[in-house]
Amino acid sequence: MKRIFSAFLLPGIVAGVLCAAQTEPPRPRAIVIFFADDLGYHDTSAYGCDAVPCPNLNSLASQGLVFTDAHSSSSVCTPSRYSLLTGTYAWRRRGMGILPGDAKLILPLKGEQLTLPAMMQLAGYRTAAIGKWHLGLGRGKEPTDWNKVISPSPREVGFDESFIMAATGDRVPCVFIQNGRVVGLDPADPIRVNYEPDFRFPGEADAADLTEEQLNGVLKPWGRSADKQHDKTIIDGISRIGHMQGGKAALWKDQDIADRIDDAAVRFIRENAGKPIFLYFCTNDIHVPRDPNRRWRGASRLGIRGDVTVQMDGSLGAVRKALADAGYKPEETLLIFTSDNGPVIADGYLDGAPEDCAGHNPAAPFSGGKYTLREGGTRMPFIVHWPGVVQPGRSAALISQVDLARSLARLIGFDKIPEGSMDDSQDMLPALCGQDAKGRDELPEHANWGSLIALRVGNLKLTPTRQGSWQLYDLETDPGEENDIAGQRPEVVKDLKERIRRIKAANGGINQTLWSEK
Ligand code: NG6
Ligand code: CA
């Protein structure tokens with residue numbers, strides 16, 4: 001009794017009691033979304049994969065609420081990130097899918113629609129986007145000029161500060177962009193980018209144009225034999241998607257990407273110490289090309305794909321340490337760890353991952369992964385870490401990353417969401433705090449282009465096929481989606497099909513024009 005009483009005097013524990021009593025939790029001083037790239041449900045020790053030791057994530061999991069049925073909104077990056085930041089389903093928008101590296105910004109700007117970062121900013125948080133972006137930059141018909149201030153960029157969306165990679169590690173331009181400017185650019189060596197398939201800059205050869213002999217010593221050993229998309233301009237010994245010329249002084253070194261991103265986050269946290277902060281931190285790990293820093297080589301028993309996962313864990317450690325060093329107490333700091341889409345082993349480079357990961361199902365116990373409509377595509381590692389407020393444990397609540405917008409709105413007491421904003425987001429704050437074990441009634445799952453969606457209702461899942469038929473699975477008994485029971489449950493198929501029709505028709509329907517095309 002005495003112990004409980006003395007614990008009760010600690011402010012964090014008081015908040016925990018408040019949360020447990022289903023009253024409102026306090027407003028955190030730091031809110032961090034730690035967003036990994038292509039990390040699967042079963043890729044880390046925190047979710048049962050002992051071949052990939054992730055001590056920082058383990059500690060987060062032991063002190064936090066570990067979700068077992070939390071989802072990204074899509075099984076690929078751009079739509080997933082778009083949904084998280086806007087609180088709307090990306091598949092409602094025309095032309096939504098994995099973007100090229102020279103794509104225009106697809107997010108609504110401040111004043112057009114209220115997004116998660118813009119809301120945090122209005123609520124008095126200092127906001128930052130750090131790491132992978134992949135949501136386009138600039139607007140209008142003219143190609144983006146990488147040598148000037150690029151606008152609009154994250155700043156116009158609601159991020160006070162940004163330090164980003166424009167798209168992915170395997171797409172040009174291979175430079176960091178800080179607050180709209182390419183970092184370290186020499187004006188005498190301007191950057192040019194081109195994504196036309198048969199394009200060549202004068203005097204430049206794609207990796208595909210060179211013989212094995214010519215490539216010897218030019219490509220990193222594992223970077224040889226990239227697929228047809230990834231065999232264009234060679235940068236840092238790795239052939240990429242797209243063509244790039246110039247900007248030599250600004251080019252990143254792949255083995256330093258994690259450190260550069262970590263440093264930017266640490267700087268942001270340090271410089272804003274004491275202020276309310278919202279950090280959208282996006283690792284490049286564990287996306288291809290997987291080129292871990294030397295100090296993480298051999299850190300896992302699953303080759304370089306496992307090693308970059310341990311590197312990602314190092315980034316988590318760096319961010320957590322920076323928060324503590326800057327004086328953000330655990331009970332003032334809400335950290336949500338998750339990933340943008342499901343796992344993939346071979347993704348364009350013959351980097352040895354299939355051999356090194358033999359026997360490892362990165363989505364276990366589910367099937368599928370990145371690009372797919374199976375559970376592995378969107379069921380994400382997802383941990384809510386808020387010591388003293390959210391009790392440690394596990395939750396099977398069905399939630400989606402699209403719900404973060406309205407859940408965080410409630411958390412920070414923001415009640416001015418305009419009509420037409422965050423339409424698909426549901427307030428899941430009780431589930432995030434461990435006070436509601438159920439979460440959503442229904443959840444659409446999406447894969448890449450178009451608006452083909454599967455639907456989860458409880459443990460039942462209805463999935464469309466490209467041929468126009470439907471499959472039904474009971475994930476309770478069949479998490480791997482192996483036994484189609486559509487034929488045995490026609491009434492369920494009918495009900496779920498009708499629900500899909502209704503969800504698609506809601507909130508403005510589908511195929512609305514992208515904001516950047518207006
Ligand atoms: C795909 C790439 C893949 C990866 C993906 C984007 C090919 C054949 N594959 O088009 O390597 O870059 O795009 O990944 O080019 S994501 O995580 O950003 O969605
Ligand atoms: Ca991804």
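Indexing begins at 1, ligand by ligand and atom by atom, following the structure's order.
- When each atom of ligand 1 is checked for a heavy atom of K132 under 4.0 Å away, the hits are 16 (S), 17 (O), 18 (O).
- Counting atoms of ligand 1 from 1 in the listed order, those under 4.0 Å from a heavy atom of H134 are 18 (O).
- Counting only non-hydrogen atoms, the option in R240, Q229, R171, K370 that gets closest to atom 13 (O) of ligand 1 is R171.
- Under 3.0 Å from the Ca ion (ligand 2) lies an N/O/S atom of N341, whether from backbone or side chain.
- With respect to the salt-bridge test (charged N to carboxylate O, under 4.0 angstrom), the residues D254 and R240 qualify.
- Counting heavy atoms only, H230 comes closest to atom 11 (O) of ligand 1 of the residues H230, K228, R81.
- Of all atoms in ligand 1, numbered sequentially from 1 with element shown, those under 4.0 Å from a heavy atom of D37 are 17 (O).
- Side-chain N/O atoms of D170 and T168 include a donor and acceptor closer than 3.5 Å.
- Which parts of ligand 1 touch D227 is read off a 4.0 Å heavy-atom cut-off, strictly below it: atoms 8 (C).
- Taking the Ca ion (ligand 2) as reference, D340 places its N/O/S atom OD2 nearest.
- If you check the side chains of Q471 and T465, you find no donor sitting under 3.5 Å from an acceptor.
- Closest N/O/S atom of D38 to the Ca ion (ligand 2): OD1.
- For ligand 1, the polar-atom distance check against T168 finds no nitrogen or oxygen pair separated by under 3.5 Å.
- Neither side chain, D37 nor T283, offers a donor N or O lying under 3.5 Å from an acceptor on the other.
- Using cut-offs of 30° and 60° for the angle between ring planes, the F176 and F163 rings count as parallel.
- Of all atoms in ligand 1, numbered sequentially from 1 with element shown, those under 4.0 Å from a heavy atom of N341 are 17 (O).
- Checking only distances, D38 does come within under 3.5 Å of ligand 1, N or O to N or O.
- By the criterion of a heavy-atom distance under 4.0 Å, the side chain of I98, and not its backbone, is placed next to ligand 1.
- In Y349, neither the side chain nor the backbone holds a heavy atom less than 4.0 Å from any atom of ligand 1.
- Side-chain atoms of Q311 and N293 form no donor-acceptor pair, as typed in the model, at a separation below 3.5 Å.
- Side-chain contact, D340 with S80: no donor N or O sits under 3.5 Å from an acceptor N or O.
- Counting only heavy atoms of the protein, atom 12 (O) of ligand 1 lies nearest to D170 OD2, 2.6 Å.
- Of the charged side-chain nitrogens involved, none lies within less than 4.0 Å of a carboxylate oxygen, so that R379 and E481 do not count as a salt-bridged pair.
- Here the closest heavy-atom approach between residue A447 and residue Y371 is recorded as CB-O, 3.5 Å.
- The contact set between ligand 1 and I241, taken as ligand atoms under 4.0 Å from a residue heavy atom, comprises 15 (O).
- Looking at D37, its N, O or S atom nearest to the Ca ion (ligand 2) turns out to be OD1.
- Here the two rings, on H230 and Y349, have centers that are under 6.0 Å apart.
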> D356 and R290: salt bridge (charged side-chain N to carboxylate O under 4.0 Å, His left out), yes or no, with the steps?
Replying inline: CA-CA 13 Å; D356 293 339; R290 304 170 185 127; over 6 Å; no

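- Among all non-hydrogen protein atoms, the one lying nearest atom 3 (C) of ligand 1 is Y371 OH, 3.2 Å.
- Remark: minimum distance from atom 16 (S) of ligand 1 to any protein heavy atom is reached at C77 CB, 3.2 Å.
- D102 and T144 share no side-chain donor-acceptor pair at under 3.5 Å.
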